[in-house]
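Okay, so here's the structure we're looking at.
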Amino acid sequence: MSNLSKIKSEIENYSNESNLTELQIVDKLEKHFFNKKVNDNLKLYKKGKKKVRDITKDLKISPRKFYAILEKKKIEHKKYNKN
């Protein structure tokens, strides 16, 4: 039995026990692991070891979305004027 089939069977078992569908479970897992990766990158950003460009490339999000995450978590960053 491959690892993927084990994961599939675990998700199916969990969906049978809970009121959630398989897609809802996968959605929650995706959000969890995305937030985990964001938090790891934010730690490096605060220390100055990783730039916005590298973080957005790793997370596959736009810089605008990353700055929205920074503002939501109340982390200071430089704001540039377009003028």
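Since the structure is predicted, the reported quantities are computational estimates derived from the model, not experimental observations.
L4 and L29 fall into different hydrophobic clusters, where Ile, Leu, Val, Met, Phe, Trp and Tyr side chains are chained together by heavy-atom contacts under 4.5 Å. Residues Y14 and F33 are members of one and the same hydrophobic cluster, defined by side-chain heavy-atom contacts under 4.5 angstrom among Ile, Leu, Val, Met, Phe, Trp and Tyr. Following chains of ILVMFWY side-chain contacts shorter than 4.5 Å, one can reach I7 starting from I25, so the two form part of one hydrophobic cluster.
Atoms CG and CG, on D58 and N41 in that order, are 5.5 Å from each other to the nearest 0.5 Å. Taking NZ of K50 as the reference point, atom OG1 of T56 lies at 10.0 Å (rounded to 0.5 Å). Of the inter-residue distances, the one linking Y45 atom OH with I75 atom CD1 reads 8.5 Å to the nearest 0.5 angstrom. Considering CD1 of I11 and NZ of K8, their distance stands at 9.5 Å, rounded to 0.5 Å. One finds the CG atom of L44 at 11.5 Å from the CG atom of N39 (value rounded to the nearest 0.5 Å). With rounding to the nearest 0.5 Å, the separation of CG in D54 from NZ in K49 is 14.5 Å.
Each salt bridge (charged side-chain N to carboxylate O under 4.0 Å, His left out) pair with one or both residues in residues 15-33, not counting sequence neighbours, would appear here, but there are none.
Screening K65, K57, R64 against I61 for a side chain to side chain contact (heavy atoms under 4.5 Å, CB included) leaves a single residue, K65.
Shown here is F34, whose CZ atom has more than 12 heavy atoms of other residues, nucleotides or ligands within 6.0 Å.
By the side chain to side chain donor-acceptor pair (under 3.5 Å) test, K51 is found to be paired with no residue, residues two or more places apart in sequence or in another chain being considered.
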**Report entry** Worked check of side-chain contact (heavy atoms from CB on, under 4.5 Å) between Q24 and N19
**Finding:** CA-CA 10 Å; Q24 289 172 327; N19 297 348; over 6 Å; no

Requested in this report: Before giving the answer on side-chain contact (heavy atoms from CB on, under 4.5 Å), spell out for L42 and F66 the whole-Å C-alpha distance, their side-chain angles and the decisive distance to 0.1 Å.
Outcome: CA-CA 10 Å; L42 285 177; F66 180 71; 3.9 Å; yes

